[in-house]
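One is the number of the first residue; the rest follow in order along the sequence.
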Amino acid sequence: MIGWGGYSNGVLGDGARYDPVTDMWTPVSGVGAPDARRSHVAVWTGSKMIVWGGVQPVAFLNSGAVYDPTTDTWTAMSSSGAPSARQLHSVVWTGSEMIVWGGHGGSQNDFLADGARYNPATNAWSAISATGAPTGRYYHTAIWSGSAMIVWGGAVANSGAALTNTGGIYTPSSHSWTAITIAGAPTARVRHSAVWTGIEMIVWGGDGYPPNTGARFNPSSNSWQPMSSTCALLPRSGHIGVWSGTELIVWGGGSNSNGPYYRVGGRYNPSTDAWQSTPVVAMPSPRMGHTGIWTGTDMIVWGGLDYTGTSFNNGGAYR
C-alpha cells in the first residue's frame, strides 16, 4: 500500500510504502515529488502510482507526477491539455489510462463538469466529451466497469451546494455519455461509498436521508435494485468501502463531522442481499476520512481523523 500527501496541521508532500507481509514501512523518495497537497487523487496502474490535482492553502492545483516503487523515482506529468485545477474530483484507471472528472475549482460555486484522460505511456492528455455529461459536482463517486466510467451522486451547484442522485456513464471507446436513470436510485447524497462487483455498482451510506441505505446499479439494463436494510450498519459518511470479490466491506465513518465516529463495520453480500457484522476485536480506533484498500486477501485501513480533528498515522488489516 502506498500513501502520499494529505493533511495534518498543514498540507503534506511525503509518503511511504507499507508491506503487509513484513508489517514494515519504507519511505517514498521526495526527489521530484509533486508539491505538497490534499484532496488530490491517486490511482495504481499495475506498476506505478499516479498523483494529480488537489489543493494547497492558497492554490488549487492541476499538476501531478508518476511514482515508480521499483526504482523509488518520480516523473512529472505533462500539463499540456490537463484539466483545470481542482480538488475533490474523481479518478478511475481503465487499464491504460487515468480518467479525471468533476470536482471543485477555485471559486465558491465552481462545480466542475469536465475532465480528461491521461496516458502515462505517452505522457499525454486527451479531452473528455462534455456532450451529455452529468451536471458539475464534487464529493461524488466514480468506478470503472471494465469498459466505462460510472459517475454518481455528489454535491451540485444550486444556490450553494445541493445533493444529487443523478449520474452518467462515460464510454471512452465511443467518447460518449449516457444518463443513469433515477428510477429506483438511492436518495441524493455525498461522501458515500461505491464499488464495482464485476456486474453491478453498489452504492451505500453517505450524507443524505436516509443515510444508511443503498442500492445496486446494473449498467446493462440501466436499472437500480434496493439493498436490504436488515442488520445494516448505523448511518454514516466518510467511511470506506472495498470489494473483496464476493462482498462489500464497509468500515469506520461518522454520523456527522462532530461525531460519533465508528470503529465497527459490516459486510454486504449481493448474492444473498444480506448484511453481517465484522469482528470487534483489535479494531483500529474510531475515525472518518481514512483510506482503505483490498490487497486480494485483506482490507487495509490507515489514517483519518478523530472527532477532535486530530489525524491518525495508524491503522489495521482485516482478514
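Under the 4.5 Å side-chain criterion, counting only non-hydrogen atoms from C-beta, T178 is not in contact with T171. Residues I249 and W294 meet the side-chain proximity criterion, which asks for heavy atoms closer than 4.5 Å. Side-chain contact between I182 and T166 is present, with heavy atoms from C-beta onward closer than 4.5 Å. Within the 4.5 Å cutoff, no side-chain heavy atoms of T197 are placed close to those of R216. Residues Y307 and P286 form no side-chain contact, since every pair of their non-hydrogen atoms from C-beta on lies 4.5 Å or further apart. Contact check for I199 versus N218: side-chain heavy atoms found under the 4.5 Å cut-off. Residues H89 and L112 form no side-chain contact, since every pair of their non-hydrogen atoms from C-beta on lies 4.5 Å or further apart. Between W93 and P120 there is a side-chain heavy-atom pair separated by less than 4.5 Å.
In this pair, W125 and Y118 present their aromatic rings tilted. The plane angle is within the 30 to 60° band. Ring geometry for Y170 against W177 counts as tilted: the plane angle lies between 30° and 60°, on a 0 to 90° scale. Aromatic ring pairs are classed by plane angle as parallel below 30°, tilted from 30° to 60° and perpendicular above 60°; the pair H239 and W204 is perpendicular.
The CG atom of D110 sits 11.0 Å away from the OH atom of Y138 when rounded to the nearest 0.5 Å. The CZ atom of R191 lies 14.0 Å from the OG1 atom of T141; values are rounded to the nearest 0.5 Å. Interatomic distance, CZ of F60 versus CG of L88, reported as 8.0 Å (0.5 Å rounding). Remark: N313 CG to S8 OG distance equals 8.0 Å, nearest 0.5 Å. Atom OH of Y18 sits about 14.5 Å away from atom CD1 of I2, to the nearest 0.5 Å. For the atom pair CE (M98) and NZ (K48), the distance works out to 14.0 Å, reported to the nearest 0.5 Å.
Minimum interatomic distance between G241 and L248 (heavy atoms only, all atoms of both residues): CA-CD1, 4.0 Å. Scanning both residues, G184 and A215, for their nearest heavy atoms gives O-CB, 4.4 Å. Contact between S90 and V41 at its shortest, heavy atoms only, is C-CG1, 4.4 Å. In plain terms, the two heavy atoms of H290 and W251 that are nearest each other are NE2-O, 3.2 Å. Taking every heavy atom of both residues into account, P186 and G214 meet most closely at CG-C, 4.3 Å. Closest approach of G315 to P284, counting heavy atoms only: C-CG, 3.9 Å.
N119 places a side-chain N or O within donor-acceptor distance of the main-chain N or O of A121, the cut-off being under 3.5 Å. In this structure a side-chain-to-backbone donor-acceptor pair under 3.5 Å is missing from R17 to D72. With T187 contributing its side chain and Y209 its backbone, the two residues share a donor-acceptor pair below 3.5 Å. With T295 contributing its side chain and T297 its backbone, the two residues share a donor-acceptor pair below 3.5 Å. No donor-acceptor pair closer than 3.5 Å links the side chain of R37 to the backbone N or O of L61. Distance alone, capped at 3.5 Å, places no donor-acceptor pair between the S29 side chain and the T73 backbone. Listed for the R137 side chain is no donor-acceptor partner under 3.5 Å among the backbone atoms of T164. In this structure, the side chain of Q87 does not engage the main chain of R38 through any donor-acceptor pair within 3.5 Å. Side-chain N or O atoms of T181 include none that pairs as donor or acceptor with a backbone N or O of N222 at under 3.5 Å.
Remark: the S237 side chain and the R189 side chain contain no N/O donor-acceptor pair separated by less than 3.5 Å. No donor-acceptor contact under 3.5 angstrom links the side chains of S78 and S80, judged on distance only. R86 and S84 share a side-chain donor-acceptor pair at under 3.5 Å.
Grouping the Ile, Leu, Val, Met, Phe, Trp and Tyr side chains by contacts below 4.5 angstrom, directly or via other members, places W74 apart from M77. Residues I300 and F312 fall into different hydrophobic clusters, defined by Ile, Leu, Val, Met, Phe, Trp and Tyr side chains chained together at heavy-atom separations under 4.5 Å. V91 and M49 are assigned to two separate hydrophobic clusters, defined by single-linkage of ILVMFWY side chains at heavy-atom distances under 4.5 Å. No single ILVMFWY cluster, assembled from side-chain heavy atoms under 4.5 Å apart, contains both V28 and M24. Hydrophobic cluster membership differs between V250 and Y318, with clusters built from Ile, Leu, Val, Met, Phe, Trp and Tyr side chains linked at under 4.5 angstrom.
Annotation: D19, atom CG; neighbour count of heavy atoms from other residues, nucleotides and ligands within 6.0 Å is above 12. Within 6.0 Å of atom CG in L234, more than 12 heavy atoms from other residues, nucleotides or ligands are found, so the atom counts as buried in its surroundings.
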Verdict with supporting geometry, R117 and T94, side-chain contact (heavy atoms from CB on, under 4.5 Å)
CA-CA 10 Å; R117 296 150 54 182; T94 71; over 6 Å; no
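Qualifying side-chain hydrogen bond (donor to acceptor under 3.5 Å, both in side chains) partners for S223, counting only residues two or more places apart in sequence or in other chains: S221.
Pairs passing the salt bridge (charged side-chain N to carboxylate O under 4.0 Å, His left out) check and including a residue from residues 263-292, sequence neighbours excluded, read E247-R267.
The hydrophobic cluster containing M201 also includes I143, I150, W152, I169, I180, W196, V203, F217, W224, under a criterion of side-chain heavy atoms closer than 4.5 Å among ILVMFWY residues, counted directly or through chains of members.
Here the options are Y7, W52, W4, the test is ring pair (Phe, Tyr, Trp, His ring centres under 6.0 Å), and the partner is H40; only W4 passes.
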